[in-house]
Amino acid sequence: MVVKKPRIVIIGAGMAGLTAANKLHKSNVSKGGGFEVCVVEGGDRIGGRIKTSEFGGDRIEMGATWIHGIGGSPVHKIAQEINSLESDKPWECMDGFLDDPITIAENGYVLNPSLVDPISNLFKNLMDFAQGKRKSTPVGIGNGWNGIGNSGNGDGNGGNGIGNGGNGDGKMSVGSFLRKGLEGYWELESRKEREEVNGNGNGNWNRKLLEEAVFAMQENTQRTYTAANDLFNLDYNAESEYIMCPGEEITIAKGYSSVIESLASVLPSGVIQLGKKVRKIEWHPEYEVGITRNGHDGTRPVKLHFLDGTTLSADHIIITVSLGVLKAGIRDSNDSGILKFYPPLPDYKIDSISRLGYGVVNKLFLQLSPDSPVAFDQFPFLQLVFHQSDSEFKNPKIPDWIRRTAFVSPIYKKSKVLLSWFAGEEALKLETLEDEVILDEVSTTLSTFLSNSSDSREECNGNMVKNSSRLKLSKVLKSQWGNDPLFMGSYSYIAVGSSGSDIDTLAEPLPKSSESPQLQILFAGEATHRTHYSTTHGAYFSGLREANRLLEHYHCMD
């Protein structure tokens with residue numbers, strides 16, 4: 001009788017899945033080939049939420065963009081080893097250009113750094129305190145934190161890529177903490193009279209409104225970091241558990257996809273199967289006497305059913321699909337294309353998946369038209385300060401979906417390609433818009449902020465830009481992670497009502513019962529790493545963790 005080798009099937013060829021496959025294959029080769037490894041990917045490419053592309057002659061990233069700290073980052077180490085950190089071709093965020101912004105308020109007010117910097121520094125100090133990087137709150141407002149416990153908006157919405165909201169149980173959110181900090185700052189400053197920035201009242205700005213709008217701009221940047229639709233949805237207590245790798249944050253000159261291709265390069269032909277979307281996973285949480293193990297070959301406890309009608313049996317699967325896909329799968333739906341488990345996942349696992357937050361972040365790339373006004377040859381790193389959406393003073397020509405972006409800038413200093421980031425509801429709205437609408441509405445918006453005269457950008461409170469030739473844009477490219485059925489969003493966060501323990505619960509293998517075949521379903525991906533969720537290096541660490549779990553199971557560890 002021929003003894004079958006254990007078969008390990010990895011679902012998803014993103015960072016987590018390919019890291020696991022890379023580790024298992026290398027160990028398998030060194031140990032003489034004790035098991036089979038297979039990677040099934042629902043899409044037509046590898047990389048998952050990593051996708052390097054080109055636009056306007058420049059290299060860009062549609063998904064993961066940054067190495068978040070080079071110290072101890074496995075992504076940085078791989079990029080170094082394969083010489084991907086330098087390139088003759090220009091690439092996104094290559095030159096530190098984003099360190100020198102110009103901040104303009106709606107209707108053309110160029111804001112003096114003396115107004116912008118204190119509010120930006122306040123925001124940074126508050127976030128540093130929330131994240132445990134700072135031991136004391138900003139001077140003078142330390143008494144303001146008692147009784148912050150105003151939770152999020154209580155909408156509990158985990159669907160459509162936006163993630164869980166606050167559950168109204170009194171738990172503290174990052175958003176409530178930040179707003180309490182701003183109120184404390186105002187109390188400290190004792191600014192009872194807020195002078196108008198412009199003496200004649202044009203623009204309807206006063207100092208307090210501007211400070212609040214600058215603070216909101218920083219909040220919108222933070223939303224893109226976290227993928228939370230609203231910072232009132234983001235759990236305060238969990239914020240300090242998140243760990244950043246030390247060192248500078250950089251982009252990869254030859255593209256993030258070069259790291260993915262390196263991980264995949266060691267795998268023999270045929271190991272990765274594209275276009276294999278899993279719609280159902282059959283497994284056995286409890287031991288059954290005389291079981292016909294899923295009928296495929298009578299011996300393996302897990303059976304995968306694909307959308308194309310084929311099946312594949314396995315001894316172990318490592319599931320690396322996004323938290324968004326898992327969320328969709330546990331909601332009631334008759335859609336045969338949505339991943340389902342049979343029998344369903346245990347309640348404790350479903351509860352953790354439901355509570356955790358998962359959001360949408362999209363990038364919008366725009367190409368400057370060659371016949372744009374001359375001044376736009378040197379387009380600035382432009383920070384945008386908007387009236388709030390409910391303000392009577394807002395410019396009706398600016399659509400609401402643009403009002404919660406924080407900046408527009410070239411991807412490097414002299415590039416003709418502009419970039420803006422969107423999160424949450426605005427990111428989803430962006431996905432629905434036709435290119436012509438985006439070009440028109442962004443051009444209209446930017447034209448209200450900028451003039452075609454470089455000498456009019458004198459940084460002075462209340463200096464209104466008077467010359468406003470219309471900015472011309474010729475092409476647009478946007479990411480669409482929210483409505484992509486393979487991802488249904490961008491990355492995870494810890495929502496109000498959840499905690500880091502929910503991430504640990506999500507990461508636990510199934511089944512728990514020692515009576516059943518062990519390690520049938522293992523979980524990897526950024527949402528399963530308690531301290532590095534939302535990052536590519538977190539996904540890497542999780543893939544390594546599950547590969548090592550199986551190697552230990554078979555006593556194959558070095």
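Keep in mind the model is a prediction, meaning the values are calculated, not measured.
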A.B. asks: For Leu209, does its backbone N or O pair with a side-chain atom of Asn206 as donor and acceptor, under 3.5 Å?
C.D. replies: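 Yes, the answer is positive, given that a donor and an acceptor are paired below the 3.5 Å cut-off.
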A.B. asks: Side chain of Arg223, backbone of Asn229: donor and acceptor closer than 3.5 Å?
C.D. replies: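 Yes, Arg223 side chain to Asn229 backbone: donor-acceptor pair under 3.5 Å.
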A.B. asks: Assess whether salt bridge (Lys or Arg N to Asp or Glu O under 4.0 Å) is satisfied between Glu426 and Arg403, documenting all intermediate values.
C.D. replies: CA-CA 9 Å; Glu426 294 74 34; Arg403 288 186 172 275; over 6 Å; no
A.B. asks: Could you tell me whether the side chains of Arg470 and Thr444 share a donor-acceptor contact shorter than 3.5 Å?
C.D. replies: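 Per modelled atom types, Arg470 and Thr444 side chains form a pair under 3.5 Å.
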A.B. asks: Looking at CG of Leu471 and OG of Ser443, how far apart are the two atoms once the value is rounded to the nearest 0.5 Å?
C.D. replies: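 The OG atom of Ser443 is 5.0 Å from CG of Leu471, to the nearest 0.5 Å.
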A.B. asks: Using 4.0 Å as the upper bound for N to carboxylate O, is an ion pair formed by Arg207 and Glu211?
C.D. replies: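 A salt bridge is present here (some side-chain N lies under 4.0 Å from a carboxylate O).
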A.B. asks: As a quick check of understanding, evaluate salt bridge (Lys or Arg N to Asp or Glu O under 4.0 Å) for Glu54 and Lys89, giving each step before the final call.
C.D. replies: CA-CA 11 Å; Glu54 289 202 8; Lys89 184 179 180 63; 3.7 Å; yes
A.B. asks: Would you indicate whether the side-chain heavy atoms of Glu239 and Met127 approach each other to under 4.5 Å?
C.D. replies: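 Yes; the side chains approach each other to less than 4.5 Å.
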A.B. asks: Is Asp400 salt-bridged to Lys394, going by a charged N under 4.0 Å from an acidic O?
C.D. replies: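 Yes, charged N to carboxylate O under 4.0 Å.
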A.B. asks: With a 4.0 Å cut-off, would you call Asp95 and Lys413 a salt bridge?
C.D. replies: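 Salt bridge absent between Asp95 and Lys413.
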A.B. asks: Answer yes or no: is there a donor N or O on one side and an acceptor on the other, between the side chain of Ser542 and the main chain of His529, under 3.5 Å?
C.D. replies: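 No, because the side chain of Ser542 does not come within donor-acceptor range (under 3.5 Å) of the backbone of His529.
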A.B. asks: Using a 6.0 Å cut-off, check whether atom NZ of Lys478 has over 12 heavy atoms from anything other than its own residue.
C.D. replies: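 Buried by this count: over 12 neighbours within 6.0 Å.
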A.B. asks: Using the ring centroid of each side chain, check whether Phe407 and Phe381 are separated by less than 6.0 Å.
C.D. replies: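 Close enough - the centres of the two rings lie under 6.0 Å apart.
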A.B. asks: Looking at Thr320 and Gly525, would you say the former's side chain and the latter's main chain have a donor-acceptor pair under 3.5 Å?
C.D. replies: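 Absent.
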A.B. asks: Closer than 4.0 angstrom, basic N to acidic O: yes or no for Arg179 and Glu212?
C.D. replies: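 Yes, this pair counts.
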A.B. asks: Under 3.5 Å, is there a donor-acceptor pair between the side chain of Ser322 and the main chain of Phe487?
C.D. replies: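 Yes: the side chain of Ser322 pairs with the backbone of Phe487.
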A.B. asks: Does Lys327 reach the main-chain N or O of Ser354 with its side chain, forming a donor-acceptor pair under 3.5 Å?
C.D. replies: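 Yes; judged by distance alone, with no hydrogens or angles, the pair exists.
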A.B. asks: Taking the six-membered ring for Trp and the single ring otherwise, decide whether the centroids of Tyr491 and Tyr533 are under 6.0 Å apart.
C.D. replies: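 For Tyr491 and Tyr533, the ring centres are not under 6.0 Å apart.
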A.B. asks: Would Asn395 and Thr448 count as having a side-chain donor-acceptor pair, cut-off 3.5 Å?
C.D. replies: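 Distance-only check fails for Asn395 and Thr448.
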A.B. asks: Tell me whether Asn220 contacts the main-chain N or O of Met217 through its side chain, where contact means a donor paired with an acceptor under 3.5 Å.
C.D. replies: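 Not a single qualifying donor-acceptor pair exists.
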A.B. asks: For the residue pair Phe55 and Phe365, does the interplanar ring angle fall in the parallel (under 30°), tilted (30 to 60°) or perpendicular (over 60°) class?
C.D. replies: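 The rings of Phe55 and Phe365 sit tilted, inter-plane angle from 30° to 60°.
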A.B. asks: Does the side chain of Trp186 come within less than 4.5 Å of Lys208's, by heavy atoms?
C.D. replies: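 When only atoms from C-beta onward are counted, Trp186 and Lys208 do touch, with a gap below 4.5 Å.
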A.B. asks: In terms of side-chain geometry, is the basic nitrogen of Arg59 or Glu92 positioned less than 4.0 Å from the acidic oxygen of its partner?
C.D. replies: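 No, Arg59 and Glu92 are not salt-bridged.
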A.B. asks: Are the side chains of Gln131 and Ser240 in contact, using a 4.5 Å heavy-atom criterion?
C.D. replies: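 Of all side-chain heavy-atom pairs linking Gln131 with Ser240, none is under 4.5 Å.
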A.B. asks: Kindly compute the distance separating CD1 (Ile104) from CG (Leu111), expressed to the nearest 0.5 Å.
C.D. replies: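 Separation between the atoms: 8.0 Å.
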A.B. asks: Please lay out, stage by stage, how Lys363 and Thr65 fare under the test side chain to side chain donor-acceptor pair (under 3.5 Å).
C.D. replies: CA-CA 10 Å; Lys363 298 172 73 174; Thr65 303; 2.7 Å; yes
A.B. asks: Between Thr251 and Trp91, does any side-chain donor sit less than 3.5 Å from a side-chain acceptor?
C.D. replies: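 Thr251 vs Trp91: donor-acceptor pair found between side chains.
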A.B. asks: State whether the side chain of Asp502 and the backbone N or O of Ser498 hold a donor-acceptor pair below 3.5 Å, judged by distance alone.
C.D. replies: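 Answer holds: no.
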A.B. asks: Pairing donors with acceptors under 3.5 angstrom, does anything connect the side chains of Trp401 and Glu441?
C.D. replies: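 On atom types as modelled, these side chains qualify, holding a pair under 3.5 Å.
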A.B. asks: For Asn362 and Glu431, which I'm curious about, is there any donor-acceptor pair between the side chains at under 3.5 Å?
C.D. replies: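 A donor-acceptor contact under 3.5 Å links the two side chains.
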A.B. asks: Between the side chains of Thr536 and Glu526, is a donor N or O closer than 3.5 angstrom to an acceptor N or O?
C.D. replies: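 Side chains of Thr536 and Glu526: no pair found under 3.5 Å.
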A.B. asks: Taking the side chain from Ser415 and the backbone from Tyr412, do they hold a donor-acceptor pair closer than 3.5 Å?
C.D. replies: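 No.
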A.B. asks: So how far is it from Thr103 OG1 to Asp117 CG, rounded to the nearest 0.5 Å?
C.D. replies: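 Nearest 0.5 Å value for the OG1-CG distance: 8.0 Å.
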A.B. asks: Phe215 and Phe123: aromatic ring centres closer than 6.0 Å?
C.D. replies: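 Under 6.0 Å, so yes.
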A.B. asks: Does a donor on one side chain and an acceptor on the other come within less than 3.5 Å for Asp235 and Tyr493?
C.D. replies: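 Result is no, nothing qualifies.
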A.B. asks: Listed by chain and number, what are the side-chain hydrogen bond (donor to acceptor under 3.5 Å, both in side chains) partners of Glu249, not counting sequence neighbours?
C.D. replies: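 side-chain hydrogen bond (donor to acceptor under 3.5 Å, both in side chains) check on Glu249 returns His68.
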A.B. asks: Does one side chain, of Ser474 or Ser369, offer a donor that lies under 3.5 Å from an acceptor on the other?
C.D. replies: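 Distance-only check fails for Ser474 and Ser369.
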A.B. asks: For His537 and His532, take the angle between the two ring planes, folded into 0 to 90°, and tell me which bin it lands in: parallel under 30, tilted 30 to 60, perpendicular over 60.
C.D. replies: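 Judged by the thresholds at 30° and 60°, the geometry between His537 and His532 is perpendicular.
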A.B. asks: Mind running side-chain contact (heavy atoms from CB on, under 4.5 Å) on Val496 and Met172 for me, showing each step along the way?
C.D. replies: CA-CA 7 Å; Val496 172; Met172 189 190 305; over 6 Å; no
A.B. asks: Would Ser534 and Ser492 count as having a side-chain donor-acceptor pair, cut-off 3.5 Å?
C.D. replies: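 Their side chains do not contain a donor-acceptor pair, so the 3.5 Å distance test is not met.
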